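Working notes, beginning with the structure itself.
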Amino acid sequence: MKAQHQLREVVTMPPRVDKQRFRDAMSTLAAAVNVVTTDGPGGRAGFTATAVCSVCDEPPTLLVCLNRGASVYDVFNRNDVLCVNTLTDAQSDLSNLFGGKSSIEERFAAARWDQSVTGAPVLEGALVSFDCIISERVNVGTHDILFCEVTSVRQSEEAGSLVYFNRGYHQLGS
């Protein structure tokens, strides 16, 4: 018998895009500005995020990206609920507060909050708030992707939206 040898094709991976080039490119994608909040066994916390999007409507599911290096990461990791509060065009100061180095107490003292069905803080006056149970967590690079099943929605009728584009806030009218 003859031995059969198979030649394997060597596949060369294309080079990765450099981190700064990727960030510069991503700055051209306009995104809604959200304050994501949680409360539960791990405590109360919140952060500003633009990395939020719809996954599907059956069941209604969002994804939220959370940097594992964020100061609030451990709290979100111990809680199984969150609320995505999409900010209005008048709430950029709140975005800066939740996106900065201020304490959790200072962040929550700057606005009025209700409690949602899940127990997560709901921002009074938000453009829309999605109350969610975290159904799955996936680790990718420096972030966790949180898949969040929506349990309730609260929506404002008379507000414009705050978006982040080209490294700055922009307002979209109602």
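Predicted model, so just to flag it, every value in this text is computed and none were measured. Side chains are part of it too, since the values below use all heavy atoms of this structure and drop only hydrogens, waters and symmetry mates.
Distance check: K101 NZ to S71 OG gives 6.5 Å after rounding to the nearest 0.5 Å. The structure places CG of L63 at 3.5 Å from SG of C53, a figure rounded to the nearest 0.5 Å. Here L87 contributes atom CG and S95 contributes atom OG; the two are 6.0 Å apart, rounded to the nearest 0.5 Å.
The closest donor-acceptor contact from the side chain of T61 to the backbone of P59 lies under 3.5 Å. Listed for the E124 side chain is no donor-acceptor partner under 3.5 Å among the backbone atoms of R112. Side chain of S102 to main chain of E106: no donor-acceptor pair is present (N/O by atom type, distance under 3.5 Å, no hydrogens or angles). Listed for the S135 side chain is a donor-acceptor partner under 3.5 Å among the backbone atoms of F147.
Under the 4.5 Å side-chain heavy-atom criterion for grouping Ile, Leu, Val, Met, Phe, Trp and Tyr, I133 is not connected to V55 through any hydrophobic cluster. V33 and L127 are assigned to two separate hydrophobic clusters, defined by single-linkage of ILVMFWY side chains at heavy-atom distances under 4.5 Å. Hydrophobic clustering (side-chain heavy atoms under 4.5 Å, transitive across Ile, Leu, Val, Met, Phe, Trp, Tyr) groups V84 together with Y164. Connection of I134 to I145 is not established within any shared hydrophobic cluster, with ILVMFWY side chains joined at heavy-atom distances below 4.5 Å, either directly or through further cluster members. When the side chains of ILVMFWY residues are joined at heavy-atom separations under 4.5 Å, either directly or via intervening members, V128 and V81 end up in two distinct hydrophobic clusters.
Classification of R167 and D24 as a salt-bridged pair holds, one side-chain N sitting under 4.0 Å from a carboxylate O. D131 has no carboxylate O lying under 4.0 Å from a charged side-chain N of R154, or vice versa, which leaves the two without a salt bridge.
Annotation for G46 and V72: closest pair O-CG1, 3.6 Å, computed over non-hydrogen atoms. For the residue pair R78 and G42, the shortest heavy atom distance occurs at NH2-O, 3.1 Å. The shortest non-hydrogen separation linking V75 to A45 is CG1-CB, 3.6 Å. Minimum interatomic distance between V122 and S116 (heavy atoms only, all atoms of both residues): CG2-CB, 3.3 Å. Here the closest non-hydrogen pair linking C83 and P121 is CB-O, 3.4 Å.
You'll find the side chain of T118 stays beyond 4.5 Å of the side chain of C132, heavy atoms only. Counting heavy atoms from C-beta on, the side chains of V163 and Y169 never come closer than 4.5 Å. Two residues are said to be in side-chain contact when any heavy atoms from C-beta on lie closer than 4.5 Å; N139 and R68 meet this criterion. In this structure, T48 and R107 have side chains that are not in contact, with every pair of non-hydrogen atoms separated by 4.5 Å or more. Proximity of L62 to V150: side-chain heavy atoms (C-beta onward) are separated by under 4.5 Å at one or more points. Looking at V140 and V138, their side chains come closer than 4.5 Å, going by heavy atoms from C-beta outward. L146 has its side chain within reach of L82: a pair of non-hydrogen atoms, C-beta onward, lies under 4.5 Å apart. Looking at L123 and L94, their side chains come closer than 4.5 Å, going by heavy atoms from C-beta outward.
For residues 99-125, the pairs satisfying ring pair (Phe, Tyr, Trp, His ring centres under 6.0 Å) are F98-F108, F98-W113, F108-W113, with sequence neighbours left out. Sorted by first and then second residue, the side chain to side chain donor-acceptor pair (under 3.5 Å) pairs involving residues 33-47 (not counting sequence neighbours) are N34-T86, T37-N85, T38-N79. For residues 34-62, the pairs satisfying ring pair (Phe, Tyr, Trp, His ring centres under 6.0 Å) are F47-F76, with sequence neighbours left out.
Taking the ring pair (Phe, Tyr, Trp, His ring centres under 6.0 Å) definition, one finds that F22 meets it with nothing, sequence neighbours left out. Residues passing the salt bridge (Lys or Arg N to Asp or Glu O under 4.0 Å) test with D74: none are found, sequence neighbours excluded. Contacts of T50 classified as side-chain hydrogen bond (donor to acceptor under 3.5 Å, both in side chains), with partners at least two apart in sequence or in another chain: none.
Heavy-atom neighbours of D57 CG from other residues, nucleotides or ligands within 6.0 Å: at or below the threshold of 12.
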Go through the steps to decide whether F130 and C148 satisfy the test side chain to side chain contact (heavy atoms under 4.5 Å, CB included), and finish with yes or no. CA-CA 9 Å; F130 300 91; C148 308; over 6 Å; no
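If you check the side chains of D144 and Y73, you find a donor sitting under 3.5 Å from an acceptor.
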